[in-house]
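Quick notes on the structure that follows.
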2 protein chains.
Amino acid sequence: MTQKLSHYATLSPCSLDNIARLEREERAYQKGVEIHQVGERNANLYVVRHGWLYSYADMKDGRRQIVEIHHPGDIIGFPDIAFNERTTVLRAAEDVLLCPFPKKDLDEVFTSAPQLAALLFALAVRNQVVLTDFLRANGRMNARERIAYFLLDLMARLRIANKMMTTTFRLPLNQTEISDVLGLTNVYVSRSFTALQKDGLIRRENGTVEVLKEDELVRLCDFVDHHTRIDTSWFPSG
Amino acid sequence: MTQKLSHYATLSPCSLDNIARLEREERAYQKGVEIHQVGERNANLYVVRHGWLYSYADMKDGRRQIVEIHHPGDIIGFPDIAFNERTTVLRAAEDVLLCPFPKKDLDEVFTSAPQLAALLFALAVRNQVVLTDFLRANGRMNARERIAYFLLDLMARLRIANKMMTTTFRLPLNQTEISDVLGLTNVYVSRSFTALQKDGLIRRENGTVEVLKEDELVRLCDFVDHHTRIDTSWFPSG
DNA sequence: CGATCGGTTGATAGGAATCAAAACCAGTGG
DNA sequence: CCACTGGTTTTGATTCCTATCAACCGATCG
């Protein structure tokens with residue numbers, strides 16, 4: 001996490017200290033396990049150490065919407081700290097390692113590390129922009145465009161942690177899960193993926209995706225990267 | 001704004017002081033005016049004094065997605081403080097009054113009013129939950145359900161400011177705008193509204209909507225109110 | 001009074017859902 | 001080594017919801 005946060009701002013020793021405290025404990029979960037359910041009391045947040053997870057919301061009739069995908073270095077649970085109960089289900093997309101820490105630790109951050117507080121705040125609101133982009137994709141794009149958007153968004157996020165990343169990456173989600181991200185069906189995800197591949201924009205190989213024509217994908221969905229850089233000029237210096 | 005924020009927590013004098021400083025200036029905009037465009041430098045945030053506004057994102061071919069509706073008491077621009085440039089267009093849905101204040105004023109809040117900082121933080125992440133609900137609506141609901149969701153969401157928000165509110169409210173958005181919120185077309189919004197009215201769930205009268213069977217609307221879209229209450233137990237006391 | 005805007009209604013088209021079956025693939029175990 | 005299993009992807013046929021295109025109506029306004 002330190003690495004991911006330091007990507008955005010130079011942190012004071014005090015802030016770094018606070019971060020370290022958040023990653024004391026470590027816990028493993030197997031692929032497919034649901035770490036918490038809607039309605040549970042949420043005492044903890046989590047830092048992702050290893051593996052992908054996602055958060056989703058169900059409707060009573062089984063329709064499902066995945067609302068966020070969590071990668072190593074991410075903090076899980078911010079959206080819920082404003083509530084007493086979880087609003088989404090958290091599920092491990094593969095075998096994962098998490099560092100749980102109590103919500104109460106945040107108050108320490110706010111009183112003693114204003115700089116870190118500002119950074120967390122900035123990341124929280126950045127997330128709103130990301131969700132907003134996502135909303136535009138789900139609301140106004142057709143299936144091909146959504147897949148394009150989905151791949152570019154993932155790449156932008158993965159590049160933060162791994163600056164050397166090429167255009168090939170592992171995608172540990174099946175097509176049903178992807179369809180639940182994009183508001184489609186697994187069948188149509190399959191068809192759209194195949195179409196993109198036939199047009200030579202991407203290539204797939206057991207669990208990995210290679211983006212062959214990134215610029216064309218970008219044009220396809222008007223992609224703008226809101227992950228890589230954020231404005232830290234207004235931060236307090238402490 | 002004081003009223004809206006006090007709805008959630010008892011604020012210290014210092015916090016109240018900080019809020020007052022944010023509402024010194026006041027500026028009027030006419031219906032339809034676009035207060036800022038995508039790509040402009042964003043030095044200011046705004047507190048809404050009067051009237052409705054909305055933020056939207058366009059695609060090059062004209063498709064549009066409204067990503068947020070702003071009501072009196074709301075702060076506009078949080079999502080953008082993480083960036084140097086605006087990511088959405090802000091537009092007045094009717095004649096409005098705004099209080100602009102510089103982004104830099106926030107640093108003062110973070111260093112001197114940790115309680116207010118925590119509240120703003122909580123509201124920012126609460127917004128993520130709201131966006132997430134919205135995403136579920138756009139991703140997995142049909143037209144009728146989306147309209148139901150849209151109306152209930154508006155009511156929940158309006159009730160914060162006006163606790164006595166009945167089930168009738170003003171809706172200063174035309175059907176094209178509503179379609180841009182819900183990822184539909186103006187034509188289909190008209191049909192769906194008419195259908196809901198024919199079924200006796202709602203009633204419309206020149207610019208106002210009356211919800212006749214709230215519980216049925218709630219069932220229709222599995223609505224959960226994430227506006228009314230937030231958890232403030234972890235806040236620092238200062 | 002013509003013009004414009006917002007809402008409604010009708011006819012048609014199309015994109016994605018749905019249903020169903022087949023193909024594929026990695027294990028697993030006999 | 002091969003049959004068997006469960007999960008995943010692919011393919012095909014059909015349906016349906018919503019988009020699209022177009023006309024019309026009513027209200028408002030200069």
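The figures that follow rest on heavy atoms only: side chains count, while hydrogens, waters and symmetry mates do not. Here is how names work: the chains are called A, B, and so on, in the same order as the sequence lines, proteins then strands, and each is numbered from 1. Quick caveat, the model's predicted, so the values are computed rather than measured.
The pair A/Arg204-A/Glu210 fails the salt-bridge criterion, with no side-chain N (NZ, NE, NH1 or NH2) lying under 4.0 Å from an Asp/Glu carboxylate O. A salt bridge links A/Arg140 to B/Asp180: one of the charged nitrogens lies within less than 4.0 Å of a carboxylate oxygen. Remark: A/Arg64 engages A/Asp58 in a salt bridge, criterion side-chain N to carboxylate O under 4.0 Å. Using a cutoff of 4.0 Å between basic side-chain nitrogens and carboxylate oxygens, B/Glu145 and B/Arg136 are not scored as salt-bridged.
Extent of DNA chain C lying under 4.0 Å from chain B heavy atoms, first and last nucleotide in 5' to 3' order, is C/dG6 to C/dA11.
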(message) I'd like to know whether B/Trp52 forms a ring-ring contact (aromatic ring centres under 6.0 Å, His included) with B/His71, so could you lay out the CA-CA distance, the side-chain angles of the two residues, the decisive distance to 0.1 Å, and finally the verdict.
(response) CA-CA 5 Å; B/Trp52 291 27; B/His71 297 133; 4.4 Å; yes
(request) Evaluate the salt bridge (charged side-chain N to carboxylate O under 4.0 Å, His left out) criterion for residues B/Glu214 and B/Arg159: first the C-alpha distance (whole Å), next the side-chain angles of each, then the deciding distance (0.1 Å), finally the verdict. (result) CA-CA 14 Å; B/Glu214 186 168 347; B/Arg159 279 177 177 156; 3.1 Å; yes
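Counting only N and O atoms by type, the side chains of A/Asn186 and A/Glu177 include no donor and acceptor under 3.5 Å apart.
Across all strands, B/Arg63 comes closer than 4.0 Å to no nucleic acid atom at all (heavy-atom distances).
Rounded to an integer number of Å, the gap from B/Ile147 CD1 to D/dC17 C1' is 14 Å. The CD atom of A/Glu177 sits 7 Å away from the P atom of D/dT8 (whole-angstrom rounding).
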Distances for protein N or O near nucleotides 18-23 of chain D N or O, under 3.5 Å:
residue	atom	partner	partner atom	Å
D/dT18	OP1	B/Ala143	N	3.0
D/dT18	OP2	B/Tyr188	OH	3.3
D/dA19	OP1	B/Thr185	N	3.4
D/dA19	OP2	B/Thr185	N	3.2
D/dA19	OP2	B/Thr185	OG1	2.9
D/dT20	O4	B/Arg191	NH2	3.4

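Evaluation of the salt bridge (Lys or Arg N to Asp or Glu O under 4.0 Å) test over residues 76-94 of chain B, restricted to residues two or more places apart or in two chains, returns B/Glu34-B/Arg91, B/Asp80-B/Arg86, B/Glu94-B/Arg170.
Listed pair A/Gln175 / D/dG7 fails the phosphate criterion, with no side-chain N or O lying under 4.0 Å from OP1 or OP2.
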